Peer 1: 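Sharing a structure here in structure tokens format.
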Amino acid sequence: LGERPNEICLRTEPTTAEDTSRIAALWNACIGDEFPMTDRLLAQNWLGDFMRPASGSLCVRERGEIVGWVLFKANDTVPPILQKYRLRGGIGALCVSPSHRGKGIGSNLLRVAEEALAAAGCESCHLQYFPFHFLPGVPMVARDLVAFLETRGFGEFRECYDFIRDVKDFDCPSDPRIRPLSAAEASSCLAFVEREFPGGWHFSTKRHFEAGGAPEDIVVAIDRGEIIGFCHTFTKDSPLLGGSTHWYLLLGAHYGGLGPIGIAKERRGEGIGIALLMESVLHNKRRGVRNMVIDWTTLDGFYGKAGFTKWKTYLQGSKRLTQ
Ligand SMILES: CC(C)(COP(=O)(O)OP(=O)(O)OC[C@H]1O[C@@H](n2cnc3c(N)ncnc32)[C@H](O)[C@@H]1OP(=O)(O)O)[C@@H](O)C(=O)NCCC(=O)NCCS
């Protein structure tokens with residue numbers, strides 16, 4: 001090592017909970033203007049991810065600081081509710097301090113992550129990391145990271161977006177089919193989401209209730225006593241940050257979010273989805289929300305009807321790890 005000082009920069013080490021603020025500092029040096037990382041979000045989605053292997057968070061240190069970080073997981077052991085994500089290997093973050101670029105740190109962190117994912121049995125490495133993601137893909141503003149990934153074999157890129165709206169002047173006619181969920185309906189809401197949207201949305205709805213989340217954070221569409229649609233909303237009082245509120249520092253004190261939203265398959269195309277969307281936005285406005293975000297979607301036509309416009313653009317994609 002003494003003869004080749006650069007190699008010191010390439011030695012990867014596991015991170016621990018004590019590294020939380022160092023990781024936040026590195027992330028914010030890389031992309032904090034657009035995506036301000038907080039200890040709160042790291043505690044929730046990094047340390048709080050019970051599916052994250054200890055070896056899936058590796059860093060490069062220099063003089064007590066973290067100058068490179070990669071977060072990845074193979075999802076090799078997932079609970080039954082998340083079976084469809086089993087062995088969907090993903091990279092959740094790849095950061096190299098701007099002052100340490102061009103020394104091979106990023107290439108080395110990515111190589112170590114890809115090798116670990118392949119060894120765990122993943123056929124591909126995805127730029128989606130789920131559940132407990134920070135971002136739904138690589139932010140388009142990180143052009144150097146996109147180019148870096150392209151030259152290292154990532155492809156099949158597709159865009160997705162976050163949308164935003166100041167809801168100060170929002171209004172809509174009320175719809176008698178739509179109202180906030182009551183505490184007594186929590187289990188029928190869970191059963192609806194499990195039946196219609198098994199997997200990630202069922203998992204996140206369950207997690208909301210387990211975290212002590214209010215039933216009225218979920219707005220439902222009801223027909224003849226049956227739930228036929230649900231919409232998860234977030235305010236500053238919601239116990240968990242959702243994908244829509246991860247970057248709340250950019251949204252002012254009265255931030256809010258929305259999503260997922262879904263209508264029962266056999267009831268789509270009847271205007272219920274748009275009515276549920278409108279009522280859910282109004283519900284958040286009545287609870288004091290001003291800036292509101294809808295995350296991880298491609299449905300600009302649908303959300304555009306409620307006056308939401310594109311805020312952030314991400315690239316999803318993948319790379320085959322096996323022949
Ligand atoms: C997206 C969804 C909630 C819309 O609900 P819906 O009841 O089918 O939609 P509506 O009948 O209220 O449609 C209202 C308008 O939105 C448009 N719209 C509906 N779904 C759309 C879609 N997937 N993409 C673009 N526009 C869409 C409709 O064309 C309609 O516009 P129009 O009145 O000009 O014809 C519903 O299709 C659904 O549950 N899909 C599966 C889950 C999902 O994708 N959720 C969103 C994740 S970001």
Side-chain angles (χ1 to χ4, degrees), residues 81-82 84-85 126-137 139-140 158-165 167 170-181 188-208 217-224 226-234 238 240-247 256-284 292-316:
I81 190 172
L82 292 170
K84 70 179 180 190
Y85 300 100
H126 294 265
L127 299 174
Q128 290 150 272
Y129 178 98
F130 185 84
F132 296 98
H133 66 289
F134 295 116
L135 302 162
M140 199 69 127
R158 58 194 181 280
E159 291 187 2
C160 71
Y161 316 97
D162 291 348
F163 289 85
I164 194 163
R165 191 195 202 283
V167 302
F170 185 88
D171 205 2
C172 68
S174 80
D175 187 314
R177 299 169 297 183
I178 294 162
R179 57 166 174 74
L181 190 74
S188 45
C189 176
L190 269 173
F192 166 80
V193 179
E194 180 175 16
R195 187 185 76 231
E196 294 289 336
F197 304 101
W201 291 3
H202 180 210
F203 176 74
S204 63
T205 309
K206 209 163 160 275
R207 206 170 138 229
H208 170 71
D217 274 358
I218 296 177
V219 180
V220 285
I222 311 261
D223 188 29
R224 277 163 273 175
E226 295 289 319
I227 296 177
I228 55 166
F230 88 116
C231 177
H232 198 152
T233 61
F234 294 82
S238 304
L240 297 177
L241 294 168
S244 54
T245 53
H246 282 177
W247 317 114
L258 183 153
I261 178 171
I263 300 294
K265 272 175 237 62
E266 71 275 12
R267 301 302 304 269
R268 290 179 197 161
E270 297 176 28
I272 303 166
I274 197 73
L276 178 59
L277 171 66
M278 298 284 192
E279 282 279 349
S280 301
V281 175
L282 193 60
H283 176 60
N284 258 4
M292 185 164 165
V293 170
I294 299 171
D295 64 303
W296 192 337
T297 181
T298 54
L299 305 185
D300 39 354
F302 182 64
Y303 296 115
K305 286 181 190 296
F308 282 78
T309 55
K310 257 180 213 168
W311 188 39
K312 297 189 181 291
T313 302
Y314 306 93
L315 275 185
Q316 301 182 328

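Both ligands and their constituent atoms are indexed starting at 1 by order of listing. The first residue in the sequence is number 1, and the count goes up from there. The structure displayed is predicted, hence computed values, not measured ones.
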Peer 1: What's the separation between atom CH2 in Trp296 and atom OH in Tyr314, rounded to the nearest 0.5 Å?
Peer 2: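 Going from the CH2 atom of Trp296 to the OH atom of Tyr314 covers 10.5 Å.
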Peer 1: Answer yes or no: is there a donor N or O on one side and an acceptor on the other, between the side chain of Asp217 and the main chain of His232, under 3.5 Å?
Peer 2: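 Not at all, since once roles are kept as given, no pair shorter than 3.5 Å links the two residues.
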Peer 1: Could you check whether the rings of Phe130 and Tyr85 sit parallel, tilted or perpendicular, using 30° and 60° as the cut-offs?
Peer 2: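 Ring orientation, 0 to 90° scale: tilted.
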Peer 1: Enter the distance from Thr205:OG1 to Ile218:CD1 here, rounded to the nearest 0.5 Å.
Peer 2: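 Reported value, rounded in 0.5 Å steps: 5.5 Å.
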Peer 1: Can you tell me which residue among Ile294, Asp162, Asp295 is in a side-chain contact (heavy atoms from CB on, under 4.5 Å) with Trp311?
Peer 2: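 Between Trp311 and the candidates, side-chain contact (heavy atoms from CB on, under 4.5 Å) is satisfied uniquely by Asp162.
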Peer 1: So which protein residues pack against ligand 1 under 4.0 Å, heavy atoms counted?
Peer 2: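 Residues within 4.0 Å of ligand 1: Phe197, Trp201, Ile261, Gly262, Ile263, Arg268, Gly269, Glu270, Gly271, Ile272, Gly273, Ile274, Thr297, Leu299, Phe302, Tyr303, Lys305.
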Peer 1: For atom CD of Glu270, decide whether the heavy atoms of other residues, nucleotides or ligands shown that lie under 6.0 angstrom number more than 12.
Peer 2: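 Atom CD in Glu270 is crowded, with more than 12 foreign heavy atoms closer than 6.0 Å.
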